[in-house]
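All remarks here apply to the structure that follows.
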2 protein chains.
Amino acid sequence: MAAGKPDTRQALLKAAVKLFGEAGFDATSTREIAREANANISAISYHFGGKDKLRLACAEYVAERLARVAARPQDQPQPRTPQQAAIALEKLVSNLVEALLSQPGAPELAQFVLREIARPGEVLDLVFPRFLAPAHQRACDLWALATGEGPESPAVRLAVFSILGQVVYFRLGQALVCKRMGWNEFGPEQIRAIEDSILGNLRVALATTSKGSEQ
Amino acid sequence: MAAGKPDTRQALLKAAVKLFGEAGFDATSTREIAREANANISAISYHFGGKDKLRLACAEYVAERLARVAARPQDQPQPRTPQQAAIALEKLVSNLVEALLSQPGAPELAQFVLREIARPGEVLDLVFPRFLAPAHQRACDLWALATGEGPESPAVRLAVFSILGQVVYFRLGQALVCKRMGWNEFGPEQIRAIEDSILGNLRVALATTSKGSEQ
DNA sequence: GTCTATAAACAGATAGAC
DNA sequence: GTCTATCTGTTTATAGAC
C-alpha cells in the first residue's frame, strides 16, 4: 500500500496460496511461485523476507479474506425457531459442500487452509481465531437453537465437528471415494449424492437430539 | 530375504514410513531417513533404487502389514442378526478410534496411509485394493445387515464413508479440535468424548435407516 | 521496486574402494 | 552389503547494478 507497482506483492500472495494449496509448502519452490506470479524470484525476499515469511503472509491474507466472507450480511434473517435454525444449518452445510466439492480445484483459499489444518503451527494460530473459531461458533449456536441443547456444551461442539468434518473428509479423501464408488470424478450427480448423505446424517442427528425425543 | 544383513532394508523401510508419515514425502530427505535407520545414504539407492522407489516400497510394506492385520481371524463370530451387525460395526469404529486417536504419534502405518489418501497416485493404487477397499467392503456388509439395505447400494457406501471419515477427520483436524474445545491434547477423557459422539451418530443413522422406521 | 548474477547450502544419485 | 567421496542439479537467499 505504498508506491511503485503494489500488485507484485499481491500477485505473489495469490500465486503462493494457490501453489501451496495444490502441492504443499515443501513441494513448492520459490521459483515456481515467482513464475506463476510473473515476478522475479528476488521479489519474494524483498516483499516478504523469505519463503517462511511468505507462508505467514499467505495466512494473513487468507484469514482476512475468509473473515470478510464470513462476516458479510446474512443472506437469511436471523433464525428464531428450532425449525428455522435447522434449515439454516442445512444451508450452511450445503454451502460448504458447494465451496469444497463443487469446483474442481476448490477455491484456493479453502485448499490452503485445509492443508494447514492438518498441522499445528503459526498459520493455524492465525486463521483459527479470525475465521475457523467464529464459523464453528455460529454453527454451534444454530445447532443449540435447533435441538435445545446448550450452545457451549462440548457435545454440541463435537457434533458440529462431526458434520463439518464429513464434508472436509469427502474433499480430502476424494480420490479414495471415487475409486471405491466407481466414479471418475465428483460431478454434479455425485456431489448431490454426497450432499444428500451428509444432510441426512444432519437431520437424524438433530431429530434424535432434540428436546423431547431425548434418550 | 537373501544374505548378509537383511535388516538394513527393513530399517530403512520403517524409518521412511515413519518420517514420510510425520512430515510428508517432500519434507523428508534421504539423509534423514538414513540417519533414522542408522544406515548409509547410499543404501537407499542400493536397496530400492532411489527415493521415489523407496516410497513405493513403503506402500507395499504398509499394504502388506495392514492387510495381514485386517485379515486375522475374526475376534467375534460372524454376525447373523441386525443387532449383532450393529454391535460389530460399533466395535469396528471403536477400534479405528483406538488405532488413530489413542497413540500420540498414531501407528506409523496409519499416518503414512492418511497422508497418501489425500492425493491420488501409485501409493493409493497399491494400498487401495489390498486394504482400504476390503475394509470398507466389510463395513458395508455389516451396515447392510444391520439396516436391511442392499450391501452394494451407493447410499450404504457413502454412509460408511461418512462414519469412518469422522474418525479420520478428528485425527487430521486434531490441532484444530483441541484449540476449539479448549483441550491441551487428546487424552483418554477427550477420546472417550469423541468416540461417544461418533458412536452416537452411528446409532441414530442405523436406527433411522433400518427397515420399518424408513421414511 | 525490479532485475541479473552469484553465493552457500542442500537435494538425490553414483563410482569405486573395501 | 556398506562405506567414503564426489558429482550434478536445485534450493533459498543476497549483493549490487539499474
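Note that the coordinates shown come from a computational prediction; the quantities given were computed from them, not determined experimentally. These numbers come from the heavy atoms of this one structure, side chains and all, not from hydrogens, waters or symmetry mates. In what follows, chains are A, B, ... by sequence order, proteins preceding strands, each numbered from 1.
Heavy atoms of B/S45 sit under 4.0 angstrom from at least one base atom.
A cation-pi arrangement is found for A/R55 relative to A/F25, the charged atom lying closer than 6.0 Å to the ring centre and inside a 45° cone about the ring normal.
Taking atom NE2 of residue B/H47 and atom C1' of nucleotide C/dA13, one finds them 16 Å apart after rounding to whole Å. What separates CD1 of A/I41 from C1' of C/dC3 is a distance of 9 Å, to the nearest Å. Look at CD on A/E32: it is 7 Å from P on D/dT11, rounded to the nearest Å. Note: CG (B/N40) to C1' (D/dA5) measures 11 Å, nearest angstrom. Here the P atom of nucleotide C/dA8 and the NZ atom of A/K51 are 22 Å apart, to the nearest Å. C/dT2 atom P lies 12 Å from atom CD1 of A/I44, rounded to whole Å.
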Determine, step by step, whether A/R203 and A/E90 satisfy the salt bridge (Lys or Arg N to Asp or Glu O under 4.0 Å) criterion, reporting the C-alpha distance in whole Å, the side-chain angles of both residues, the deciding distance to 0.1 Å, and the verdict.
-> CA-CA 8 Å; A/R203 289 194 196 104; A/E90 292 188 25; 3.0 Å; yes
Should B/W143 and B/E149 be marked as a side-chain contact (heavy atoms from CB on, under 4.5 Å) after you check the CA-CA gap, both sets of side-chain angles, and the distance that decides it?
-> CA-CA 8 Å; B/W143 185 288; B/E149 294 178 293; 3.1 Å; yes
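More than 12 heavy-atom neighbours from other residues, nucleotides or ligands sit within 6.0 angstrom of NZ on A/K179.
Nearest to the side chain of B/T8, among D/dT2, C/dA13, C/dT2, sits D/dT2.
Side-chain nitrogen and oxygen atoms of B/S29 include none within less than 4.0 Å of the OP1 or OP2 phosphate oxygen of C/dC10. For B/S42, no side-chain nitrogen or oxygen approaches OP1 or OP2 of C/dA13 to under 4.0 Å.
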